[in-house]
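Everything below concerns the one structure shown next.
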Amino acid sequence: VYTQKPLPYGTILPFTIFLQSDPPEDVNVEGKVLYSYSYDGRSNVVKQPGMGVKFTRIRPEDRERIHTFIKKKLVDGIAVSI
């Protein structure tokens, strides 16, 4: 998750994923911060500030909605040529 103010490791947080589908859908989940990185301006290493989050609580129907959304996005734009 890109953010200028990443939370510390181990933080549990609720968040909403906005699926750009038709119609648009929101999925509410809970996650745990697995790592975070903030840029202090002194390092030569260039990384985007943010944090890695693992889903810790997600309803089965929301998991399926996300899976379906990703699957559709993977095949969008792929043309079958004959």
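Note that these values count all heavy atoms, side chains included, but never hydrogens, waters or copies made by symmetry. Owing to the predicted nature of the structure, the values given are computational and were not obtained by experimental measurement.
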Candidate pair Asp26 and Leu19, rule side chain to side chain contact (heavy atoms under 4.5 Å, CB included), full reasoning: CA-CA 6 Å; Asp26 300 349; Leu19 302 177; over 6 Å; no

Cluster link Ile17 to Leu74, ILVMFWY, side chain under 4.5 Å: yes

Side chains of Val29 and Thr56 in contact at under 4.5 Å (non-hydrogen atoms): no

Other cluster members, Tyr35 - Ile/Leu/Val/Met/Phe/Trp/Tyr, side-chain contacts below 4.5 Å: Leu34

Side chain to side chain contact (heavy atoms under 4.5 Å, CB included) assessment of Ile12 paired with Glu30: CA-CA 7 Å; Ile12 304 292; Glu30 181 180 271; 3.5 Å; yes

ILVMFWY cluster, Phe15 and Val33 together (side-chain gap under 4.5 Å): yes

Smallest separation among heavy atoms of Pro8 and Ser36, with atom names: CA-OG, 4.3 Å

Listed once per pair and sorted, the side chain to side chain donor-acceptor pair (under 3.5 Å) pairs that draw on residues 3-14, sequence neighbours left out: Tyr2-Gln4

All side-chain hydrogen bond (donor to acceptor under 3.5 Å, both in side chains) counterparts of Arg59, not counting sequence neighbours: Glu61, Asp62

Interatomic distance, Gln20 atom CD to Glu25 atom CD [nearest 0.5 angstrom]: 12.0 Å

Heavy-atom pair with the smallest gap, counting every atom of Pro6 and Ser38: CG-CB, 3.8 Å

Approximate separation, where rounding is to 0.5 Å, of Thr68 OG1 and Lys73 NZ: 13.0 Å

Straight-line distance of Ile66 CD1 to Phe55 CZ, nearest 0.5 Å: 4.5 Å

Linked, directly or transitively: Ile58 and Ile70 (ILVMFWY side chains, under 4.5 Å): yes

Nearest-0.5 Å distance, NZ of residue Lys32 to CG of residue Leu7: 13.5 Å

Any donor-acceptor pair under 3.5 Å from Thr16 side chain to Val27 backbone: no

